[in-house]
2 protein chains.
Amino acid sequence: MNRKPNLKDVAELAGVSAITVSRVLTHPDKVAAKSRQKVEQAIAELGYIRNHAASALASNRSGVLAVIIPSLSNIVFNEVLQGIYSAVKPHQLQVILGDCHYSPLEEEKLIATLLSQAPEGLILTGTDQTDYARKLLQNAGIPVVQLMELTNNPIDINIGFSHFAAGKAMTEHLLARGYRRIGFLGARMDPRTQHRLAGFRKAIEDWNTANNAKNSGAEPSSARCEPYVVTTSQSSSIKLGGQLLQSVMAESAGQCDAVFCCNDDLALGALFAARQMNLRIPADLAIAGFNDLEASALVDPGITSVASPRFAMGQQAVELILQKASGAQTEFSPLDVGFSIMVRGST
Amino acid sequence: MNRKPNLKDVAELAGVSAITVSRVLTHPDKVAAKSRQKVEQAIAELGYIRNHAASALASNRSGVLAVIIPSLSNIVFNEVLQGIYSAVKPHQLQVILGDCHYSPLEEEKLIATLLSQAPEGLILTGTDQTDYARKLLQNAGIPVVQLMELTNNPIDINIGFSHFAAGKAMTEHLLARGYRRIGFLGARMDPRTQHRLAGFRKAIEDWNTANNAKNSGAEPSSARCEPYVVTTSQSSSIKLGGQLLQSVMAESAGQCDAVFCCNDDLALGALFAARQMNLRIPADLAIAGFNDLEASALVDPGITSVASPRFAMGQQAVELILQKASGAQTEFSPLDVGFSIMVRGST
DNA sequence: TTGAAAGCGCTACCAA
DNA sequence: TTGGTAGCGCTTTCAA
């Protein structure tokens, strides 16, 4: 026989019926030890591998979890993925992964494609899906997680933290440290980056308001905090961080005394460039980042950054999907996993 | 109607037969424009999504490409993945990805699992599969790529470069620069790392032999090159690079004048640690790495490193799989993509 | 604990 | 260009 063996072949060899073989594969404990042994031996002998498509069709369970991330090159999503894989492991689930390159339209297409696999659940990054994508997902009848970021209008399950609050908190940290001419370096400007920028602006606005109130009458100009915002749609890289630092220095006529980088890649690039410009850090220039990458803690000085539980978010996403899929009627209000500011020498 | 619409529903609504709808989905050009339009409208109206399992079962084509990498956290494999995804895009293929954590046994299990999806092809990292895994793959009757590394006994298609040659070439570079007390810092010690180490040893052995021949009679000890090898099975990280540098300095009683790190993470860590030890680079200590990460070019001094075409390897793997799957009888001898040494300030 | 029959939703094959 | 028929390999349901 040359074709691949199927259930029936195994059954014949083992001297049982096909369904018994099927049971050995899915509920081994519901089969008598004797039969099970015979079946297992037949499987080994034939090198039988169960046909997933047939199994999925008959059982209406695909055993597939779909995941869409915005970028394969950004290590941040790798950590989320690791969490997802670690949580998936004990359950018989395969992950199919899509990369939407930060594009909601690509994401929409991917969703349509991935849904045809009838996944048990779907994990998305961010909360900015197209209307059509939302509709597709609502009709799909499977648990959906929007990860990394919070929204008050989730499709289904929502796990993340407020990038606005994080951006605001980091800016407040810089203000508290006495920096008053603060630059914001932003690349790619995806929604989460924009929220960080909004938080940055709000913190400065609040500070200026509060400060004006105190010093009313006095010359306000010297007491104001001056924001310098430099952004680009280019995708983020270490190198770009150095370039953006030069831009902000040019724009501020060298007055900028701190930069808040929308991620740690930019921050590292800014740090390297600042060294070459002979700026002392943090005396001449403070540098803050976002994501708390390993390198940020190890460069000298260490870069102050925003940490968030990425691995745990990935795990939670899987767990909540499985809970929901198994019919638990728990209410999943948006789940805020929080963030923390890792203060280091750069600020 | 509450259940999900199927082909038949679409067919009825469009006033055609089921098979015509199927054709619209797979070979739209083989259907009259008029019918096609009706069908497409019906699909949109019902929000129909084709059942992949049924399609795969009936057609015996899964539309799935299986990929196994040793680590999700190592950015090196991300670049390979990006190549794979970019090549897969124009073809209707979904990627299912497994992470075997550098373990051949986990890899074997993953192979068995992934094969049940009847993938059109399978991409593996490295050439160190278990015997059972090899047997599974040989019986699977699908194109298999072993990527990243060369072997003279490939399972099927083999694309990569010689890590031995690269390790040797880098060491020769250090020797040519005049370094004589060279350390090798190795972490995780997967097969490719071991080949790099073997290349390191060979280069030094060759050099000592050649040198002995020239200076026969003279005091050989001062003319010998001294290798210091420090390895650990811990997984690689920037931080670990600093620790290993300290070990090699301790072991060599501070005599070590160059370190070849098995990857750039270690090299970065070594660089940061060397700075804190007030070592001038490359005067007091040369540092060489492997993989040519972005940061290696941007730190000061830049880290000399081995570059390889990772993105292109991923692409090629997909392309050769598709070629082979479509019956092209090309002979695929191991494909050496080569490497290059990026010389920078650190050496 | 085991088995027989039916059918999941789609596509290959052939015929019109 | 279109359609009818059959069947992919498995699991569900029900009965023994």
Side-chain angles (χ1 to χ4, degrees), chain A residues 1-40 42-43 46-64 92 115-120 140-141, chain B residues 1-40 42-43 46-64 92 115-120 140-141:
Chain A
M1 167 177 68
N2 223 345
R3 63 175 170 75
K4 275 195 217 154
N6 61 22
L7 254 201
K8 231 176 175 175
D9 300 325
V10 176
E12 273 169 24
L13 183 57
V16 298
S17 74
I19 180 62
T20 300
V21 179
S22 171
R23 276 196 273 255
V24 169
L25 293 170
T26 27
H27 314 286
D29 43 319
K30 294 197 174 166
V31 177
K34 218 171 174 179
S35 316
R36 190 168 64 224
Q37 239 170 344
K38 284 191 294 184
V39 168
E40 278 165 355
I43 287 176
L46 293 174
Y48 169 73
I49 289 183
R50 122 120 63 58
N51 181 320
H52 173 265
S55 158
L57 177 58
S59 68
N60 204 23
R61 301 199 70 252
S62 67
V64 154
Q92 199 152 340
L115 279 183
S116 79
Q117 308 255 358
E120 317 281 336
Chain B
M1 169 177 62
N2 223 346
R3 64 177 170 73
K4 275 195 218 156
N6 62 22
L7 254 200
K8 230 174 171 178
D9 300 325
V10 177
E12 273 168 24
L13 182 57
V16 297
S17 74
I19 181 67
T20 300
V21 178
S22 171
R23 277 194 274 254
V24 169
L25 293 170
T26 28
H27 314 285
D29 43 320
K30 293 197 174 165
V31 176
K34 216 170 172 179
S35 314
R36 191 167 64 225
Q37 239 169 346
K38 282 191 295 183
V39 168
E40 278 165 354
I43 287 176
L46 293 174
Y48 169 73
I49 290 184
R50 176 225 241 122
N51 180 322
H52 173 265
S55 159
L57 177 59
S59 68
N60 205 23
R61 299 199 71 252
S62 67
V64 154
Q92 199 153 340
L115 280 182
S116 78
Q117 307 255 356
E120 316 280 336

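Model, not experiment: these values are computed from the prediction. All heavy atoms count here, side chains included; hydrogens, waters and symmetry mates do not. Below, chains carry the letters A, B, ... as their sequence lines are ordered, and counting in each starts from 1.
- With hydrogens and angles disregarded, no donor-acceptor distance shorter than 3.5 Å links the side chain of B:His52 to the backbone of A:Ala53.
- Taken residue by residue, residues 26-40 of chain B places no heavy atom nearer than 4.0 Å to DNA chain C.
- Remark: A:Ser17 pairs with A:Thr20 by the side-chain hydrogen bond (donor to acceptor under 3.5 Å, both in side chains) rule, at least two apart or across chains.
- Within the structure, every pair that satisfies the salt bridge (Lys or Arg N to Asp or Glu O under 4.0 Å) test and touches residues 50-61 of chain A, not counting sequence neighbours, is listed here: A:Arg61-A:Glu120.
- Atom-to-atom distance recorded for B:Glu12:CD and B:Leu7:CG is 11.5 Å, nearest 0.5 angstrom.
- When the side chain to side chain contact (heavy atoms under 4.5 Å, CB included) test is applied to A:Leu13, the partners found at least two apart in sequence or on another chain are A:Ala42, A:Glu45, A:Leu46.
- Near DNA chain D, meaning a heavy atom under 4.0 Å from it, residues 49-59 of chain B has B:Leu57, B:Ala58 in order of number.
- A:Leu25 and A:Tyr48 make their closest contact through CD1-CE2, 3.8 Å (heavy atoms, listed as atom of the first residue, atom of the second, distance).
- Of all heavy-atom pairs between A:Ala56 and A:Ser62, the closest is CB-CA, 4.0 Å.
- Read 5' to 3', the first and last nucleotides of DNA chain D with an atom closer than 4.0 Å to a heavy atom of chain A are D:dG9 to D:dT12.
- Proximity of a side-chain donor or acceptor of B:Thr26 to a complementary backbone N or O of B:Ser22 within less than 3.5 Å is detected.
- Residues satisfying the salt bridge (charged side-chain N to carboxylate O under 4.0 Å, His left out) criterion with B:Glu40, sequence neighbours excluded, are absent altogether.
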Please output the side-chain donor-acceptor pairs of residues 27-38 of chain B that fall under 3.5 Å, not counting sequence neighbours, one pair per line with the distance.
residue, atom, partner, partner atom, Å
B:Arg36, NH1, B:Pro28, O, 2.8
B:Arg36, NH1, B:Val31, O, 3.4

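- Near DNA chain C, meaning a heavy atom under 4.0 Å away, the residues from residues 14-23 of chain B are B:Ile19, B:Ser22.
- Rounded to the nearest 0.5 angstrom, B:Leu57 CG and A:Leu57 CG are separated by 6.0 Å.
- With a cutoff of under 4.0 Å to any heavy atom of chain A, the contacted region of DNA chain C is bounded 5' to 3' by C:dT1 to C:dG9.
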